[in-house]
Amino acid sequence: MNNYYFYLSIILLCLCSIGHSRGQAQTVQNTDTGYELWLNYKPVQDLPLKQSYIQLYSQVNLPQCKYDEVIAEELKGCLKATLGITPRFISNTRASIQMSYCKDKSLGMEGYLIRNNNNKIILQAYSDAGFLYGTFHLIRLIQCEYPLDRLNIREVPALDYRQLNHWDDLNGNIERGYAGKTLWKWDELPERLDERYTDYARANASIGINGVVLNNVNADPRILRRDYLKKVSALAHILRKYNIRIYLAANFAAPMKPSSTPDVMKKWGGVGELDTANPLDPNVQEWWNTKVDEIYSLIPDFGGFLVKANSEGMPGPQDYHCTHAEGANVLARALKPHGGIVIWRTFVYNPQIDKDRIKRSYKEFLPLDGKFDENVILQAKNGALDFQPIEPAQPLFGAMKQTSLMPELQITQEYIGQSTYLVYLAPMWKEFLNFDTYCKGAGSNITKIITGKVYPTKYRAMAGVANTGDSNNWTGHHFAQANWFAFGRLAWNPKETIEKITSEWIKSTWNCDRSAERVITQMMMPTWNNYARSHSPYSLGLTTQVSCHYRAGFDIRANKEWKIDNKGIGTNRTFNGTDYVSQYFPTNCTHFNDIKQCPELYLLCFHYVPWNHLMKSGDTFEKEFVESLKQGVQQVEENIQLWRSIREKIDSRRFEEVMNCLLKEQQDAKAFYESAVGFFSAYLPHK
Ligand code: BDP
């Protein structure tokens, strides 16, 4: 070091210590940008614990397996940063971490065991991917500073298909994306591979995601063109190193030549040469067979197709008077010889099916139960309307007995404050997963259904619409990373407690002390409830403007999506209303139908509720409703205080960025509230 830098660093050190000794509020200065997500490896603070980790993690006996290179890389990176050591990889029984295969078939293709045996960590797996996931677990133990003396871990994923769905367009835009442009640099692929692809794969593998759909469900058919498939193949090459398979959203009219496609497709053009996409036409089947063979020649472990058909203008089998099953089966038959699957979405709302939009998907799909080929999974949004802040569960869950049904959750916050609001979605997803369908008596909740405990489900699966983009911190809002993390963890184990997931996210992302962790937890936990109560109270339904889904749009939605007048508010979906309640199994049906028994959370989805209706609290509905609307503003004001209170414990850049979001949220929440008050006061009996 030359003299100049030597003296400069002395001066800086002195300045810092003066600041400290005067007890001034300090912010932690470092270069954290959020890019590292929860793989934000930082030195372990607890010194005795650090010593015990050093002893146990210094030597690793890693068997040769599909993932040994990435495991070694990840361990080296993590251990250097957290413990300051470079582990030695040795293949004998003296190593302090022993990874080995075991014969326990029940661990399946991805499960693992971790034990501490006489001061050696034993990681066992039946199959290669178990080592990959087990390694990330070993890393998490350090990040969260868990003691290692009594380890006895057995992890087997409850769901086999744990997927992210990217709604990314080939032109770089992301439909309902709020974190920049797409991660996939189509112009540069396949020649240039952005380093983010690997980091994206690492992040996903660390939380157990094992499948990704690269492109938007409003699918541009050109993704199936050979030049694009080569790009996809380059991505697949990176992702498979982390046990992640690629799927593509396919356009049902892809076999057609551009001049024959419906108008809605003109913006894209086509890839095929046929005049039709009719599923009953043998040429169409042949087209898909050939296309799928081509895909597998480039991507041997290709997962399959995701299809949005006959929904919001997208082409589908109904264009040829065929059913969804007839359409899905054509693609399924092409994929079958290669082991691929079709994921067919149930998000349809054709007005001819029923006057009430919320009933349409069930009415279209239930009669098709049993008609789908065995390699078709239906993908249903958690609620029957459309990713609202709160909705009762889609009644197809439990009703479909012979067809595998996978939930589609939305990680990107389309209707839930986008990347401005801090809304932690894990509590909402838990509410859904715990929803009791009563399909086989009490206790038949959604978790049991999707994990195959109620009907023998062939595919146990869950998808989340991704919230990632090319912004520095991947998700726009630093706290939105928690939703990506929580989704992965719940897809691995829907029974995992929110407390554990949240605490592990905070520790591994923010590297803060226990008191700051408590404050961050306090900030996150009530956010979903408060957002729902203030933005779509009591499951009112659509309340935002028609295109942005963000700003208040009560006036546009009123008396179209739900009823309101001087006597009350809500939609009567009881027996004497639209009869949506009858799509639920008897116990729920009876409860939802009766205004006194209906869970208050869902009240306005099922009932037109008089303003003077008495709630369980003893207050009138009007009073509670008005209180509810205030929750959004109150929430953000509290969060601003809480965040300020931990300023010294958070690195400066991320602190400021979160604060800026909170301040913007405060402004927007106020505007939303004022708009709500302006609108509702015309109807409320007590102004
Ligand atoms: C709606 C979105 C729209 C999606 C559609 C879907 O507003 O952008 O294309 O869902 O899920 O919520 O297909």
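Indexing begins at 1, ligand by ligand and atom by atom, following the structure's order. Keep in mind that what you see is a predicted model, and the values were worked out from it rather than measured.
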Worksheet item: Which of the numbered atoms in ligand 1 are below 4.0 angstrom from a heavy atom of F347?
Response: 5 (C), 6 (C), 10 (O), 11 (O), 13 (O)
Fill in: Minimum-distance protein heavy atom relative to atom 1 (C) of ligand 1
D386 OD2, 3.3 Å
Practice prompt. Kindly confirm or rule out a cation-pi arrangement of R360 over Y349, judged by NZ or CZ under 6.0 Å from the six-membered ring centre and within 45° of its axis?
Written response: no
Worksheet item: Counting each atom of ligand 1 from 1 as listed, which ones have a heavy atom of K381 under 4.0 Å away?
Response: 1 (C), 5 (C), 6 (C), 10 (O), 11 (O), 12 (O)
Worksheet item: Just one of Y247, W288, F252 clears the ring-ring contact (aromatic ring centres under 6.0 Å, His included) bar with F305, so which one?
Response: W288
Worksheet item: Within less than 4.0 angstrom of ligand 1, does H549 place any heavy atom?
Response: yes
Worksheet item: Which pair of heavy atoms, one from L425 and one from N483, lies closest together, and at what distance?
Response: N-OD1, 2.8 Å
Worksheet entry | Contacts of E674 that satisfy side chain to side chain donor-acceptor pair (under 3.5 Å) - sequence neighbours left out | none
Worksheet item: Which atoms of ligand 1 are found less than 4.0 Å from any heavy atom of R176?
Response: 2 (C), 3 (C), 7 (O), 8 (O)
Worksheet item: So, N529 and Q635: side-chain donor and acceptor under 3.5 Å apart, yes or no?
Response: no
Practice prompt. Consider every N or O of K308 and every N or O of ligand 1, then say whether any pair is closer than 3.5 Å.
Written response: yes
Practice prompt. Please indicate whether any nitrogen or oxygen in R345 is less than 3.5 Å from any nitrogen or oxygen in ligand 1.
Written response: yes
Worksheet item: Nearest protein heavy atom to atom 5 (C) of ligand 1, by residue and atom, and its distance?
Response: E312 OE1, 3.3 Å
Fill in: Where at least one partner belongs to residues 158-167, residue pairs that pass salt bridge (charged side-chain N to carboxylate O under 4.0 Å, His left out), sequence neighbours excluded
E110-R162, D160-R460
Worksheet item: For ligand 1, is any non-hydrogen atom under 4.0 Å from N218's backbone (N, CA, C, O), its side chain (CB onward), both, or neither?
Response: side chain
Item to complete: Give the numbers and elements of all ligand 1 atoms closer than 4.0 Å to a heavy atom of E175.
Response: 3 (C), 4 (C), 8 (O), 9 (O)
Practice prompt. Flag the pair V342 / N375 as yes when at least one side-chain heavy-atom distance between them is below 4.5 Å, and no otherwise.
Written response: no
Practice prompt. Side-chain contact test, heavy atoms from C-beta onward, threshold under 4.5 Å: evaluate it for Y550 versus T544 and give yes or no.
Written response: no
Worksheet item: Considering only the protein, which heavy-atom contact is closest to atom 2 (C) of ligand 1, and what is its distance?
Response: E414 OE2, 3.2 Å
